[in-house]
Amino acid sequence: LKDDLFFTFQIFLKVTADGEAANNATTAEQWMLQGRQNGSKAGVGEDEENNGVNGASSDSSAGKGSRQVKGAALILKQFHALLVKRFHHATRSRKDFLAQIVLPATFVLISLIFTLIVPPFGEYPSLTLTPWMYGQQFTFFSNERPFDPRMKHFADSLLNMPGLGTRCMQGELLGTLCNTSASEWEQADVSPVVQNILQSPEWNQRNPSPSCQCSTGKKLTMMPICPIGAGGLPPRQRVEATGDIMLDLTNRNISDYLVKTYPSLIRTSLKSKYWVNEQRYGGLSVGGQLPILDVDPKGIQNVFHQLGRMLNITGGLYCRLALRDIGTFLHFMESEFNVKVWYNNKGWHAMVAFMNVANNAILRAFLPSFAKPVEYGITAINHPLNLTKEQLSEVTVLTTSVDAVVAICVIFAMSFIPASFVLYLIQERVTKAKHLQFVSGVSPLVYWVANFFWDMMNYFLSTAMVVGIFIAFDKKCYTSPTNLPALIALLLLYGWSVTPMMYPMSYVFNIPSTAYVSLSCINLFIGINSSAITFILELFENNR
């Protein structure tokens, strides 16, 4: 047992080796050698004189093979031994790894994920305006002059490939596939009852079908109640290459059909009480004639002549020429081959979308014969307007608020790291392990420097993970070439400054968990309040 104690004590003194410990080791070694020799004397029965001779010889050989460590070598050995001690403690403590490495990176990661969910303020993308932004729908077409070759050519340009708009143009993909061609025209079946109703002589071009009943003072209805046959016979229809259903309303009263079939269309598309899919947002009619007054140019000339005689006004040369050509002027005011665009104003972009469909049809109708219509088209894009001064100020405040929240989350994350460094120091002080190390010869300066060096290494690792997360999310306000060095410097200097402020607190607390919670709250209070005050004061930078 004495031999084991001797070698154990010798190893401990070697780790803490200083001058005083080396002398103590020599004295202890002499004492242990004397004990061994006393044991030998009892075993072999030697006399007192031989014991004295052996004792003298053991003293003369004491201290051989040992050396005293001093100066810089002693400091380095103590520093290395303290780092090895902290390394073994860190590998066995999962709580320290969670508080110093995992927790800060997790908070920063969650805060940056939420910044991706928040919609961008004021950064509205351009919007391509097409009828298909409202989904599949019923579109109608009417040719009021089907036998006119010009109107027939325009209708063919509208209905043939690539169809309506630019959805099925060559090289133009709007997120959906197009059919290779349109289907054949089909006529829906009509019941004999409806045919008999519509064959009645009471229907004419102005009122071609039974009327619907709307709300009255005695009875309120959500939608008009239309009898069977309202809107006339079902028009023929086909599926276009774009996937829409095209209705042929040629030689029909378009207004009568749209109004009287609207209730039935809405009832079939009613999906919820909060949102209704209209399914019919517009169409085109071509070949119409704008109505003008039915007057005779000769009559207008006679009126002006009589008015001049009454007022005793003699017209000059230019007045007589104007009256002579008034018939030609009225003739060219009458538009015979116009394109009318119908739209449902419940679709905010329906008017522009269907106007662009008409423009594409006009463009393809005037292409030369050798040109391919699928290669030509016009795309309508709505660019957002520039923000006003008030809107820009509001966007700036909102964007800065998001950045301030991210900054507070970073402070929240980094506040746990310095607080966790005190846990080990409190534990060593309470268990007297630090006192034992000081008694064994460890310098207080070496003790604190070694702990600070180890804590800074852990802090640098956490900082690297936080910076890596910012770079992965590509937050320009933190990772731009001018801001990234500042971010790294601020994080490193924060750990360099706040960690020594935490060390004196190890003498205030005796329970590590209490110290961790209290110091974390102190760091959060200082960091969040200072950031909030800075953010608020920046809002009044132009106010003295």
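- Looking at heavy atoms from C-beta onward, I254 lies in side-chain contact with S285 at the 4.5 angstrom threshold.
- Checking side-chain atoms of N356 against main-chain N and O of I378 turns up a donor-acceptor pair under 3.5 Å.
- At least one side-chain heavy atom of V193 sits less than 4.5 Å from a side-chain heavy atom of I228.
- Every residue two or more places apart in sequence or in another chain that forms a ring pair (Phe, Tyr, Trp, His ring centres under 6.0 Å) with Y134 is listed here: Y281.
- Between the side chains of N483 and S480, a donor-acceptor pair is found at a separation under 3.5 Å.
- Side chain of R364 to backbone of Y376: a donor-acceptor contact under 3.5 angstrom is found.
- In this structure, OG on S183 lies 8.5 Å from CD on Q237, to the nearest 0.5 angstrom.
- Once rounded to the nearest 0.5 Å, the distance linking CG of L284 with CG of L164 reads 7.5 Å.
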Give the intermediate values and the outcome of side-chain contact (heavy atoms from CB on, under 4.5 Å) for residues V239 and D244.
-> CA-CA 6 Å; V239 179; D244 302 308; over 6 Å; no

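- For T261 and R280, the side-chain atoms include at least one donor-acceptor pair closer than 3.5 Å.
- Formation of a donor-acceptor pair under 3.5 Å by the N344 side chain with backbone atoms of G347 is not found in this model.
- Ring centroids of F470 and Y478 are separated by less than 6.0 Å, placing the two rings close together.
- Applying the ring pair (Phe, Tyr, Trp, His ring centres under 6.0 Å) criterion to W496, with sequence neighbours excluded, gives F452.
- Proximity of S530 to I533: side-chain heavy atoms (C-beta onward) are nowhere separated by under 4.5 Å.
- In M161, the CE atom is crowded: over 12 heavy atoms of neighbouring residues, nucleotides or ligands sit closer than 6.0 Å.
- Between the OG1 atom of T463 and the OH atom of Y494 there is a distance of 10.5 Å, given to the nearest 0.5 Å.
- To the nearest 0.5 Å, atoms CZ (F140) and CG (L258) are separated by 4.5 Å.
- The closest side-chain heavy-atom distance from S255 to N253 is below 4.5 Å.
- Although no hydrogens or angles enter the test, the distance criterion places a donor-acceptor pair under 3.5 Å between the side chain of H153 and the main chain of A365.
- Tested against V357 for a side-chain contact (heavy atoms from CB on, under 4.5 Å), the candidates V341, V352, L158 yield a single pass: L158.
- In this structure, the side chain of N160 engages the main chain of D156 through a donor-acceptor pair within 3.5 Å.
- Other residues, nucleotides and ligands contribute more than 12 heavy atoms inside 6.0 Å of the CE atom of M133.
- Every residue two or more places apart in sequence or in another chain was checked for a salt bridge (Lys or Arg N to Asp or Glu O under 4.0 Å) with K340, and none qualifies.
- Distance alone, capped at 3.5 Å, places no donor-acceptor pair between the Y262 side chain and the P224 backbone.
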With side-chain contact (heavy atoms from CB on, under 4.5 Å) as the test, would you mind laying out the steps for R238 and D248 before giving the verdict?
-> CA-CA 9 Å; R238 74 175 186 179; D248 185 6; over 6 Å; no

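- The aromatic rings of F107 and F412 lie perpendicular to each other, with more than 60° between the two planes, well past the 30° mark.
- Judged purely by atom type and a 3.5 angstrom limit, Y459 uses its side chain to pair as donor or acceptor with the backbone of G495.
- Listed for the K260 side chain is no donor-acceptor partner under 3.5 Å among the backbone atoms of C226.
- Between V410 and L491, some side-chain heavy-atom pair lies under the 4.5 Å cut-off.
- At a threshold of 4.5 Å between non-hydrogen side-chain atoms, the residues R252 and S142 do not count as touching.
- Atom OG of S126 and atom CD1 of I381 lie 6.5 Å apart (nearest 0.5 Å).
- Summarising the geometry, atom OG belonging to S520 is positioned 5.0 Å from atom OH belonging to Y516; distances are rounded to the nearest 0.5 Å.
- Under the 4.5 Å side-chain criterion, counting only non-hydrogen atoms from C-beta, E144 is not in contact with V286.
- Judged purely by atom type and a 3.5 angstrom limit, R167 has no side-chain atom pairing as donor or acceptor with the backbone of A241.
- Counting heavy atoms from C-beta on, the side chains of M246 and W185 come closer than 4.5 Å.
- Side chain to side chain, N360 and T166 fail the donor-acceptor criterion of an N or O pair below 3.5 Å.
- Atom CH2 of W348 sits in a sparse spot, with 12 or fewer heavy atoms from other residues, nucleotides or ligands closer than 6.0 Å.
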